[in-house]
Amino acid sequence: MIALTSTPIDVASALNYLQSSQAGAVDLFLGVVRDNTQNRPVDRLEYEAYDKMALSEIQKIVDSAHHRWTLLGCVVIHRTGTLLIGEMAVLIGVATAHRADAFDACRYIIDTIKQTVPIWKKEIFTDGEVWVNAHP
Amino acid sequence: MIALTSTPIDVASALNYLQSSQAGAVDLFLGVVRDNTQNRPVDRLEYEAYDKMALSEIQKIVDSAHHRWTLLGCVVIHRTGTLLIGEMAVLIGVATAHRADAFDACRYIIDTIKQTVPIWKKEIFTDGEVWVNAHP
Amino acid sequence: MNSSANVLLFGIARDLTGQSSVLVPLAPDTRVSDLLTTIHKQYPALLGIQSLLVAVNGEYAEADQPLTPQDEIALIPPVSGG
Amino acid sequence: MNSSANVLLFGIARDLTGQSSVLVPLAPDTRVSDLLTTIHKQYPALLGIQSLLVAVNGEYAEADQPLTPQDEIALIPPVSGG
């Protein structure tokens, strides 16, 4: 399951989707909005996506993970819009027979999402704002 | 939070416990009962613990993880008793500022639990049963 | 024949131009690198972005990829999802 | 003075002896290795376990650790949690 959503991510339904009688391991990674970036206090984040391409780039990453590991299930959900401190920005969930594959695949997916998927994050501080990674 | 429990593990309350305004990453590992071991069909598992020592050995592992990484929160919950296919045997949850620490600490904790914590698992097949790791 | 392409802008590119898309003249045989040159002339502020890739029909495009007026074209500033 | 220790058994050790604890004579100066020797004589079936550690008061004990009747002693077969 791959989705972009402007409403809060539901962990329970993601876990439900990952249920498999062959699964011995589930690794779930949650990216969360934290209250600071390099000690500068963050007020909120705004996520923007090129939806169609973001979904197809995530699909490529998931396909590549399926190619590298034997995955029994895989969920990627990314929030868009305004997110407050403590809110979940992204959920990656992977179910496998054995735990090493779950950890490796989950980590690969989040690392690669951060490199290739057209989603942009603006950090809004109390005294300004910045598009992350945009400036030299 | 460290716990042994004979009732189903509640993911939502574990996540709730891991909430921290400084957390940017949460890694959650779930060990689940799968329907086979080396292609032999499993009917159910029975977990037994030397409770007092299991809790103190888990505490040592969590302390050591806190020593190696900066953890904002850590949850370890292990089931005991009879578990059916698809049930969660163990939950490890780690909250950190950055994701690499969450993955590394979570993996370290589950790997070490499997090596040192006095908990024993009996696999019950349709045609027999075996204490895992007990025989040469 | 003079045609043009509607180029989608996101994130900092949208903020710097104040527009979510811009019309760019598209001469015959225009390639991705030509489009970038044209856009940078039209909107010099975009030169302040660390890197700017181009997506054509939802796929990252190479600099020498030819463009047609039917293509969906987007500028991709450095991504920062997750 | 003849004393004895109540040794807790778990997992396969409990299954092989049919008991969740066994009383083992504890002569003065008995060490962990002596206890294991005594138990293995009393319950030879336990020799079939891949490895058998001893915990004293909830901590893994070395072979030369001395035992007293006040200690909580447990046999620890290979663990398999998680």
Side-chain angles (χ1 to χ4, degrees), chain B residues 2-5 9 29-34 37 42 45-61 76-81 83 88-92 106-124 128-136, chain D residues 5-24 26 31-33 35-37 39-63 65-82:
Chain B
I2 294 172
L4 300 177
T5 175
I9 294 173
F29 173 81
L30 311 176
V32 181
V33 180
R34 66 172 183 281
T37 291
V42 168
L45 297 186
E46 280 173 16
Y47 280 92
E48 178 178 338
Y50 179 13
D51 289 35
K52 188 182 67 168
M53 183 176 171
L55 289 171
S56 72
E57 287 293 324
I58 294 172
Q59 185 65 57
K60 284 182 195 171
I61 297 168
V76 177
I77 307 172
H78 203 299
R79 269 294 289 282
T80 55
L83 274 79
M88 217 180 297
V90 62
L91 176 153
I92 318 287
C106 193
R107 196 165 186 161
Y108 165 80
I109 291 169
I110 181 63
D111 285 354
T112 315
I113 281 175
K114 284 174 173 276
Q115 290 163 14
T116 65
V117 175
I119 297 177
W120 300 272
K121 171 167 55 186
K122 182 155 67 172
E123 289 174 334
I124 296 158
E129 55 182 52
V130 63
W131 285 101
V132 176
N133 296 344
H135 294 286
Chain D
N6 186 43
V7 178
L8 304 175
L9 303 180
F10 297 96
I12 191 169
R14 188 175 37 66
D15 272 13
L16 288 175
T17 59
Q19 297 177 251
S20 61
S21 69
V22 292
L23 268 183
V24 179
L26 202 70
R31 292 169 188 266
V32 161
S33 54
L35 179 87
L36 277 174
T37 307
I39 286 187
H40 278 139
K41 264 183 215 148
Q42 225 171 318
Y43 299 95
L46 295 177
L47 289 164
I49 305 178
Q50 170 151 283
S51 79
L52 209 46
L53 299 176
V54 174
V56 178
N57 302 319
E59 302 280 342
Y60 286 108
E62 300 290 330
Q65 182 169 327
L67 298 169
T68 75
Q70 289 75 45
D71 291 329
E72 177 172 310
I73 303 172
L75 296 191
I76 311 290
V79 302
S80 51

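Chain A is the first sequence line, chain B the second, and so forth, proteins listed ahead of strands; every chain is numbered from 1. Computed from a prediction, not measured in an experiment: that's the story for all the values here.
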B/T116 to D/V79 - nearest heavy-atom pair and separation: N-CG2, 4.0 Å

B/A54 portion near chain D, given a 4.5 angstrom heavy-atom threshold: neither

Region of B/H135 that comes under 4.5 Å of a non-hydrogen atom in chain D: both

Among the listed options D/G48, D/S51, D/G81, the residue most often paired with chain B at heavy-atom distances under 4.5 Å: D/G81

For the student: nearest non-hydrogen atoms of D/G58 and B/S56, plus distance: O-OG, 3.9 Å

CA sep, side-chain torsions, deciding dist, call: D/Q50, B/W131, side-chain contact (heavy atoms from CB on, under 4.5 Å): CA-CA 11 Å; D/Q50 170 151 283; B/W131 285 101; over 6 Å; no

Which residues share a salt bridge (charged side-chain N to carboxylate O under 4.0 Å, His left out) with B/K60, sequence neighbours left out: B/E57, D/E59

Pick from B/V117, B/I110, B/I113, B/L91 with the largest number of heavy-atom pairs that fall under 4.5 Å of chain D: B/V117

Portion of B/V132 that has a non-hydrogen atom of chain D nearer than 4.5 angstrom: both

Toward chain D, the part of B/E123 with a non-hydrogen atom under 4.5 Å: neither

Distance-minimising heavy-atom pair for D/I76 and B/Y50: CD1-CD2, 3.9 Å

Residue pair D/A55 / B/M53: nearest heavy atoms and the distance that separates them: CB-SD, 3.4 Å

Pick from D/L8, D/D15, D/L52 with the largest number of heavy-atom pairs that fall under 4.5 Å of chain B: D/D15

Toward chain D, the part of B/K114 with a non-hydrogen atom under 4.5 Å: both

Minimum-distance pair of heavy atoms, taken over all atoms of B/A134 and D/P78: CA-CG, 4.1 Å

Backbone N/O of B/N133 and side chain of D/S80: donor-acceptor pair under 3.5 Å: no

Distance, nearest 0.5 Å, that separates CD1 of D/I12 from CD of B/E48: 11.5 Å

B/A89 portion near chain D, given a 4.5 angstrom heavy-atom threshold: side chain

D/P77 backbone acceptor or donor facing B/W120 side chain under 3.5 Å: yes

Main-chain N/O of D/G82 paired to B/Y47 side chain as donor or acceptor, under 3.5 Å: yes

